[in-house]
Amino acid sequence: MLRKPLLSFLLALVLFVGFAVGLARLFILRYEVGDIYPPYSSLRADPLGTKAFADALDELPSVEVRRNFKRLPKLRPDGPVTLVYAGVPHTGFWTEQELRAFDSLVVGGSRAVFTFIPVESPRSSKEEKRTKDNELTKKKEKIESEKSDTKKKKKKSDKKKTDKSKPDQKSSPEEDEEKMEALFVDFDAVAKRWGFSFGYLPEDSGKAYSRHAALVEPGGHLESDLAWHSGLYFRDLKPHWKVLYMCGMMPVVIERQYGKGSIILVADSFLVSNEALRSDRHPLLLSRLVAGPPTVIFDEEHNGLRDNPGIATLARKYRLHGVIAGLLLLAVLFVWKNAVRFIPAYPQVGGGSDVIAGKESSEGFINLLRRAIRPTAIFETCVVEWRKAFSHKPRELAKVEELWAQEQVRLPRARDPVATYRTISRALVRKV
């Protein structure tokens, strides 16, 4: 039968393992659904996500799908790519540094796909301003948090430069980047740079989600009709824009060449959502969206999902799963060692009594004398000690010598060392 400490340890271990498995299962279920991510995120598997679109592209043999959790200036791909921005708010903001990085990517041969968050009806000027203010606040918070992280890393390098002479007052490349980050540009200004502007379809009560978009050029190897779920459209188009679909008489899907690359804009993100791929998919249009370089990157940074590497990220990157498992095993063995006695207990002797009888110090001293002095030499040893003790007291020492001499002149049979010892002791006490 198991001892009580071992039984308690095994019960605690079973409870801990059960709790850990349940907690891990709960997190797995939550992350599999992905409803903790923003709408139209490629990590979200519910109807509002775009995970099905990303996974379907990843199944194609000639297509490589990745996700970007860094700001655009830090992306730095090896070559031209297809950037997919799903669920972009048309009231969002860019920084000049991001626009410069975007231009260099697309002009160099990349393709950019923007699908905007659906808008039910036209907004008032106050609502539009409030929405833009919220987006600007979010953008500033992301920039400031990233700046605080980079400044901490630069402090050590800045301390080494304090003893050196000051350089010229010309700004460094790092300062130029900070100035570019400080300049925020809303999407309306970006749209003017690209040659278009945003508009709202006329509000039709009860028909906001029953609109349809028609193909402008029939026979263009695209679906002729699309169910449309947004009141947003593109207006004031420059000649280099090509209209693919129109809702009524308003362009809602447009495309243009941009240097060696291209940009395609879709005023409704429903087309790339998981719900659309299940119930109302349009494969020809979806293939037209990603008709660019075979490396497709779904941007998650604009959704607020940033790459903040920590211990878990480094462990996955360098495959330290075995090390972590070994540390956990050592922790379990340490707890087991302190909870369970591995060496069996000694059997009890003497009727199970835990009381150990002891002796006084005088008895120990007597036992020591018995081992060190012969019985016949005890009295002689006492006389030697008396001589040492009373060497500066002539009267006491003379009395000791007298009694010792009397004892020595007696016959061996008549000698009584005990009686003589007592006589000497009394005489020394009385100081005779």
Side-chain angles (χ1 to χ4, degrees), residues 1-20 23 155-156 159 310-311 314-315 320 322-432:
M1 186 175 181
L2 294 176
R3 293 191 297 273
K4 186 175 181 181
L6 180 58
L7 183 62
S8 301
F9 170 75
L10 293 177
L11 180 61
L13 183 61
V14 170
L15 292 176
F16 175 76
V17 171
F19 175 77
L23 187 63
K155 281 184 178 179
K156 295 182 179 179
K159 290 180 180 178
I311 296 177
L314 294 175
L320 299 178
V323 177
I324 297 175
L327 292 176
L328 292 176
L329 179 60
L330 287 176
V332 172
L333 293 176
F334 177 78
V335 175
W336 186 17
K337 172 182 173 296
N338 289 275
V340 180
R341 176 185 288 180
F342 291 96
I343 302 176
Y346 291 106
Q348 296 181 354
V349 181
S353 177
D354 295 334
V355 180
I356 299 176
K359 297 183 179 181
E360 296 181 356
S361 59
S362 59
E363 295 181 2
F365 180 68
I366 293 172
N367 290 331
L368 181 62
L369 292 177
R370 287 175 178 173
R371 293 179 184 179
I373 304 173
R374 293 180 288 105
T376 57
I378 292 177
F379 186 65
E380 184 178 356
T381 303
C382 293
V383 173
V384 172
E385 294 298 323
W386 279 325
R387 289 171 180 171
K388 294 178 181 179
F390 298 100
S391 60
H392 59 287
K393 296 180 180 181
R395 294 183 57 187
E396 287 81 356
L397 184 58
K399 189 61 177 177
V400 171
E401 294 293 347
E402 180 183 355
L403 295 175
W404 165 251
Q406 292 177 5
E407 181 68 17
Q408 291 298 317
V409 297
R410 295 191 184 99
L411 296 175
R413 293 180 180 180
R415 293 177 183 176
D416 190 358
V418 176
T420 306
Y421 175 83
R422 292 174 179 173
T423 304
I424 295 175
S425 298
R426 287 194 297 269
L428 292 176
V429 171
R430 291 197 303 264
K431 298 181 180 181
V432 178

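Counting begins at 1 with the first residue of the sequence.
Every residue was checked against the salt bridge (charged side-chain N to carboxylate O under 4.0 Å, His left out) condition with Arg422, not counting sequence neighbours, and none meets it. Under the rule for a side-chain contact (heavy atoms from CB on, under 4.5 Å), the partners of Tyr421 that lie at least two apart in sequence or sit in another chain are Phe379, Cys382, Trp386, Ser425. Scored by the salt bridge (charged side-chain N to carboxylate O under 4.0 Å, His left out) test, Glu401 finds Arg387 as partners (sequence neighbours excluded).
Separation of atoms CG (Leu328) and CG (Leu333) is listed at 11.0 Å; rounding is to 0.5 Å. Here the OG1-NZ distance, from Thr423 to Lys399, works out to 9.0 Å after rounding to the nearest 0.5 Å.
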Please table the atom pairs, donor to acceptor, closer than 3.5 Å between any side-chain atom in residues 406-413 and protein atoms at least two apart or in another chain.
unit_1	atom_1	unit_2	atom_2	d
Glu407	OE1	Arg410	NH1	2.5
Glu407	OE1	Thr420	OG1	2.5
Glu407	OE2	Asp416	N	2.9

